[in-house]
Amino acid sequence: MTTMTPPPSQLASVEPATSTRAGRTPRPPRGRRPRGHSGGRARKALGWAVLGLVMLVTLFPFYWMLRTSFSTTVSLGSDPGSLLPVDFTLGAYQRVLGLATTQEALAEGGSGASINFWSYLRNSLIVATVTTIGQVLFCSMAAYAFARLRWRGRNLVFSAFISALMVPPIFTTIPNFVTIRELGLLNTYAGIILPTLLMTPFAVFFLRQFFLGISREVEEAAVIDGAGPFRRFFQVILPLGAAPITTLAILTYITAWNEYFWPQLVGRTEEVRVLTVALGVFRSQTPQGGPDWAGLMAATLIAALPILVLFTILGRRVINNIGYSGTK
């Protein structure tokens, strides 16, 4: 039997309308979109909406502080719900920086109290800077010993050291206070700095985890060149650990800058009083019966400027080095 082949005209008529050339993906009919396209756009829009809401909730308190600082304390009570400054003025910042007289402060609803802002700012800078330098240096040396050096009982000592993370800091406050008092270091910079100057368990653990990831071949090459432990630490390990060390320095500086309870406990005199404690004292000085909210918000914003500058300078470096692998 012979098979009859239909003519080419009939073959063309039965080809599907959506046929394409070989190797190309068939396109959907015009006027239709792939299934799930609208759902993806909806999920993306929902994600942006949630992100915007989170940013609003996070940034709104800072805006409210800014709005309050540009208002007068007298006018704040007349329109407390206004989103814009009430009776716009720079008087709060002038009071904080010591540029306004007591009469001018009282006229704008201030308490008439004064704050030696520049002195307290200097004290905070000294405490935070010395604490950060000491803690980063000694913690990196301890982390290097736990991660790279081999000595008997290393893991046992590290486990005991890390167990201090489970001890709440409040438990060590009284022993530290008694020690500082017996040493005669109350109301001194040393008394404020010493408890956190040398090291903290978190900082040692944080740096040790990064040092463990550094390739041993790099350090062995330094040993062949005759480098000892200290030279290997300062010339090999520290440059390779720039990213985690910078991150630790930022975290330590912020923690030391925001510390309130310990500086208040051991540094009560004007000569060593830090800015966070001074803000609390400024708020409590209310001879007229109410806090100077505008001045307090202005002082708080100015106190936050060093942290913002720190993030502006070093934040990019931390982000760029977040993919740290231990070799360069």
Please name the pair of heavy atoms, one in Ala256 and one in Ala128, separated by the smallest distance, quoted to 0.1 Å. CB-CA, 3.8 Å
Please test Val274 against Gln264 for side chain to side chain contact (heavy atoms under 4.5 Å, CB included), starting from the C-alpha separation and ending with a verdict. CA-CA 8 Å; Val274 297; Gln264 184 190 35; over 6 Å; no
For the CG atom of Leu251 and the OG1 atom of Thr246, what is their distance to the nearest 0.5 Å? 11.0 Å
Indicate yes or no: at least one non-hydrogen side-chain atom of Phe177 is less than 4.5 angstrom from one of Leu265. yes
Side chains of Leu83 and Trp64: does their closest heavy-atom pair fall under 4.5 Å? yes
For Arg208 and Phe161: C-alpha separation, side-chain torsions, deciding distance, then whether side chain to side chain contact (heavy atoms under 4.5 Å, CB included) applies. CA-CA 12 Å; Arg208 175 182 177 271; Phe161 184 76; over 6 Å; no
Using 30° and 60° as the class boundaries, would you call the ring planes of Phe60 and Tyr63 parallel, tilted or perpendicular? tilted
When you compare the side chain of Phe230 with that of Met141, does any pair of heavy atoms fall below 4.5 Å? yes
Does Ile307 reach the side chain of Tyr253, with side-chain heavy atoms less than 4.5 Å apart? yes
I'd like to know if the side chain of Gln135 pairs up with that of Thr200 as donor and acceptor (distance under 3.5 Å, no hydrogens or angles considered). yes
Within the 4.5 Å heavy-atom criterion, are Met297 and Leu66 side-chain neighbours or not? no
Sub-3.5 Å donor-acceptor pair from the side chain of Asn123 to the main-chain atoms of Leu275, do we have one? no
Hey, could you give me the OH/CZ distance between Tyr144 and Phe233, rounded to the nearest 0.5 Å? 8.5 Å
Do any N or O atoms from the side chain of Trp293 and from the backbone of Ser71 form a donor-acceptor pair under 3.5 angstrom? no
Rounded to the nearest 0.5 Å, what separation is found between the CZ atom of Phe70 and the OG1 atom of Thr68? 11.0 Å
Please report the closest heavy-atom contact between Trp151 and Ala145, naming both atoms and the distance. NE1-O, 3.1 Å
When every non-hydrogen atom of Pro195 is compared with those of Gly191, the smallest separation belongs to CD-O, 3.5 Å
Approximate separation, where rounding is to 0.5 Å, of Ile126 CD1 and Ile193 CD1: 8.0 Å
Minimal non-hydrogen separation, Leu207 against Ala143, with atom names: CB-CB, 3.6 Å
Quick one: CZ on Arg181 to CD1 on Ile174, what's the gap to the nearest 0.5 Å? 10.5 Å
When rounded to the nearest 0.5 Å, the distance separating OG1 of Thr173 from CH2 of Trp262 is 7.0 Å
Do Phe138 and Val204 have side chains that get closer than 4.5 Å, going by heavy atoms? no
Which atom names give the shortest non-hydrogen contact between Ala278 and Tyr120, and what distance separates them? CB-CD1, 3.1 Å
CA sep, side-chain torsions, deciding dist, call: Arg154, Leu149, side chain to side chain contact (heavy atoms under 4.5 Å, CB included): CA-CA 9 Å; Arg154 181 186 65 175; Leu149 302 182; 5.8 Å; no
Begin from the C-alpha positions of Phe158 and Phe205 and carry the test side chain to side chain contact (heavy atoms under 4.5 Å, CB included) through to its verdict. CA-CA 9 Å; Phe158 180 72; Phe205 174 78; 3.9 Å; yes
State, yes or no, whether a side-chain contact exists between Glu259 and Thr131 at a heavy-atom distance under 4.5 Å. no
If we only count heavy atoms from C-beta on, is the Phe210 to Leu240 side-chain gap below 4.5 Å? no
